[in-house]
> 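Please find one structure pasted underneath; my questions will follow.
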Amino acid sequence: MRPVLEELGFECRLLTRRQYECITFVRPGAEEWSSAVEIRFLCQEVSGADEASWGTDTQVTSWDVHVQEIGNDGWATWNCEGPNIWGVDVSMRDAMLIASEMLRTEPLIPTGRNVPRVPNSYPLVELWRAIRNRYEYDEEVSAIGLARDDDGNETLSFTDDGRVYDFVFSSDGKEVMFLIDGEENARCKTYVRDLMGQLSSAIARYPGDPYRMR
């Protein structure tokens with residue numbers, strides 16, 4: 001399998017995912033990506049074995065990957081479902097053969113930080129979905145966009161009835177600053193319910209068209 005890994009630029013890493021120890025395949029670097037393919041073994045706590053062994057509770061899997069565009073300027077998030085299981089209780093030889101073939105065809109998933117046009121903050125993605133769902137048919141809401149500064153802070157911005165609303169997610173993931181027309185309005189945790197509450201209160205203060213649904 002090593003020639004395939006070297007050809008495709010992957011290295012193996014071990015991680016724990018629930019009751020499984022997983023061999024993952026990563027393209028390291030400043031813009032780290034990982035294959036959707038994994039080789040999994042049951043954890044010792046579940047299997048009761050002294051150590052993981054090939055051929056017993058060994059699976060070759062891959063994730064269903066769906067790319068969803070966020071906003072209007074080329075940002076996107078990768079959503080993973082599954083996994084699909086392609087081999088069960090397989091020998092080391094068979095697992096390597098199956099994984100080697102799949103590594104050539106299965107998609108990649110961004111797993112590093114600061115990958116261009118991929119948000120680090122999952123709460124930012126959740127907030128974008130909440131805003132989109134609530135204001136999907138509201139023509140006053142427009143230009144939902146994202147940006148990341150040199151410090152890793154990420155901003156979700158949009159306009160409503162001529163006003164500019166910014167949610168700035170701190171790079172450490174602990175806080176969000178809410179601005180209206182460039183002026184700080186509030187700071188809060190990254191709970192989407194609280195952020196939508198701040199937004200609803202702000203829009204209520206600037207009602208614009210009185211017949212719009214808030």
Side-chain angles (χ1 to χ4, degrees), residues 1-71 73-130 132-133 146 148 152 154 156 169 173 190 192:
M1 190 177 189
R2 180 174 296 176
V4 175
L5 297 179
E6 292 178 351
E7 175 191 345
L8 300 177
F10 288 116
E11 63 179 38
C12 295
R13 293 185 187 173
L14 187 66
L15 62 82
T16 301
R17 202 186 300 281
R18 295 186 178 179
Q19 72 266 40
Y20 291 99
E21 299 289 348
C22 303
I23 299 174
T24 64
F25 303 94
V26 180
R27 283 183 178 167
E31 300 176 13
E32 182 182 286
W33 294 73
S34 297
S35 173
V37 178
E38 298 180 355
I39 300 175
R40 310 195 307 178
F41 305 85
L42 277 177
C43 293
Q44 290 177 270
E45 293 80 359
V46 178
S47 68
D50 292 335
E51 60 182 18
S53 60
W54 296 96
T56 303
D57 298 320
T58 306
Q59 301 176 350
V60 181
T61 67
S62 68
W63 297 98
D64 278 332
V65 180
H66 307 280
V67 181
Q68 183 179 29
E69 185 176 351
I70 302 177
D73 48 7
W75 287 65
T77 184
W78 273 246
N79 305 311
C80 297
E81 298 178 354
N84 301 307
I85 299 174
W86 302 99
V88 179
D89 296 339
V90 291
S91 66
M92 180 173 68
R93 178 180 180 276
D94 288 343
M96 296 298 179
L97 287 173
I98 295 170
S100 294
E101 290 299 319
M102 294 177 65
L103 285 172
R104 297 184 182 278
T105 58
E106 293 299 301
L108 297 176
I109 305 163
T111 49
R113 287 188 61 81
N114 299 327
V115 175
R117 297 191 180 277
V118 178
N120 294 325
S121 172
Y122 186 70
L124 181 149
V125 176
E126 290 185 312
L127 178 61
W128 169 77
R129 289 174 177 154
R132 179 201 59 180
N133 292 339
L146 283 79
R148 181 189 298 127
E154 295 180 332
L156 174 65
F169 289 73
T190 59
V192 170

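Keep in mind that the numbers below use all heavy atoms, side chains included, and drop hydrogens, waters and symmetry copies. Only a predicted model underlies this, so the values are computations on that prediction, with no experimental measurement involved. Position 1 is the first residue of the sequence, and the numbers go up from there.
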> Check the pair V4, R104 against side chain to side chain contact (heavy atoms under 4.5 Å, CB included), reporting the backbone distance first and the verdict last.
CA-CA 9 Å; V4 175; R104 297 184 182 278; 3.9 Å; yes

> Does R27 use its side chain to pair, donor to acceptor, with the backbone of L8 at less than 3.5 Å?
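Yes, R27 side chain to L8 backbone: donor-acceptor pair under 3.5 Å.
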
> Quick one: does D89's side chain have a donor or acceptor within less than 3.5 Å of a partner on D57's backbone?
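Side chain of D89 to backbone of D57, a donor-acceptor pair under 3.5 Å: yes, one is there.
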
> Going by heavy atoms in the side chains, are M1 and C12 under 4.5 Å from each other?
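No, too far: nothing below the 4.5 Å cut-off.
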
> Please report the shortest heavy-atom distance between A95 and W54, naming the atom on each side.
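Result for this residue pair: CB-CZ3, 3.6 Å.
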
> Do S121 and T190 come within less than 4.5 Å of each other through their side chains, counting heavy atoms only?
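Contact flag for S121/T190 side chains = no.
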
> Do I23 and F41 make a side-chain contact, defined as non-hydrogen atoms from C-beta onward lying under 4.5 Å apart?
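Yes, side chains in contact.
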
> Before you tell me yes or no, could you show the steps for L42 and Q19 under side chain to side chain contact (heavy atoms under 4.5 Å, CB included), namely the whole-Å CA-CA distance, both residues' side-chain angles and the distance that decides it to 0.1 Å?
CA-CA 6 Å; L42 277 177; Q19 72 266 40; 3.8 Å; yes

> Just by modelled atom types, is the N120 backbone N or O under 3.5 Å from a matching donor or acceptor in the E154 side chain?
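Yes, the answer is positive, given that a donor and an acceptor are paired below the 3.5 Å cut-off.
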
> Once ring pair (Phe, Tyr, Trp, His ring centres under 6.0 Å) is applied, what residue pairs with a partner in residues 78-124 remain, sequence neighbours excluded?
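Of all non-adjacent pairs touching residues 78-124, those that pass ring pair (Phe, Tyr, Trp, His ring centres under 6.0 Å) are W33-W78.
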
> Got a second to check how far T61's OG1 is from I98's CD1, nearest 0.5 Å?
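Answer rounded to 0.5 Å: 11.0 Å.
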
> Of the non-hydrogen atoms in I39 and A99, which two are nearest, and what is the gap between them?
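Nearest heavy atoms, I39 then A99: CD1-CB, 4.1 Å.
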
> Return the minimal non-hydrogen interatomic distance between S35 and I109, and the atom names on each side.
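In this case the closest contact between S35 and I109 is O-CD1, 4.4 Å.
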
> Using atom types as modelled and distance alone, determine if a side-chain donor or acceptor of R117 lies under 3.5 Å from a backbone N or O of D73.
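Judged by distance alone, yes, a pair lies under 3.5 Å.
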
> Measure the CD1-OG distance between I85 and S62 for me, rounded to the nearest 0.5 Å.
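If we round to the nearest 0.5 Å, I85:CD1 and S62:OG are 10.0 Å apart.
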
> Which heavy-atom pair separates P123 from V192 by the least distance, and what is that distance?
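Result for this residue pair: O-CG2, 4.0 Å.
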
> I would like to know whether L156 and W75 meet side chain to side chain contact (heavy atoms under 4.5 Å, CB included); could you show each step before the answer?
CA-CA 11 Å; L156 174 65; W75 287 65; over 6 Å; no

> Heavy-atom distance under 4.5 Å between the side chains of F25 and M102, does that happen here?
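No - every pair of side-chain heavy atoms lies 4.5 Å or more apart.
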
> Looking at G152 and N114, what are the two nearest heavy atoms and their distance?
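Heavy-atom minimum between the residues: CA-OD1, 4.4 Å.
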
> Decide yes or no for W128 and T77: does some side-chain heavy atom of the first lie under 4.5 Å from some side-chain heavy atom of the second?
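A side-chain contact under 4.5 Å is absent here.
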
> Show the nearest heavy-atom pair for residues S34 and T111, with the distance to one decimal.
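That closest heavy-atom pairing would be OG-OG1, 2.9 Å.
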
> Tell me, do Y20 and E38 make a side-chain contact under 4.5 Å, heavy atoms counted?
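Contact flag for Y20/E38 side chains = no.
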
> Once rounded to the nearest 0.5 Å, what's the spacing between atom CG of L127 and atom CZ of R129?
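The distance works out to 11.5 Å.
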
> With rounding to the nearest 0.5 angstrom, report the CG to SG distance, D64 to C80.
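The CG atom of D64 sits 9.0 Å away from the SG atom of C80.
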
> Within the 4.5 Å heavy-atom criterion, are R18 and R40 side-chain neighbours or not?
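They are not in contact (no side-chain heavy atoms under 4.5 Å apart), so the answer is no.
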
> Could you tell me the separation between the CG atom of L124 and the CZ atom of R148, rounded to the nearest 0.5 Å?
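Answer rounded to 0.5 Å: 10.0 Å.
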
> Do P28 and R13 have side-chain heavy atoms sitting under 4.5 Å apart?
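Yes. Closest side-chain heavy atoms under 4.5 Å.
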
> Start with the C-alpha gap between L97 and V90, add the side-chain angles, then the distance that decides, and say whether side chain to side chain contact (heavy atoms under 4.5 Å, CB included) holds.
CA-CA 10 Å; L97 287 173; V90 291; over 6 Å; no

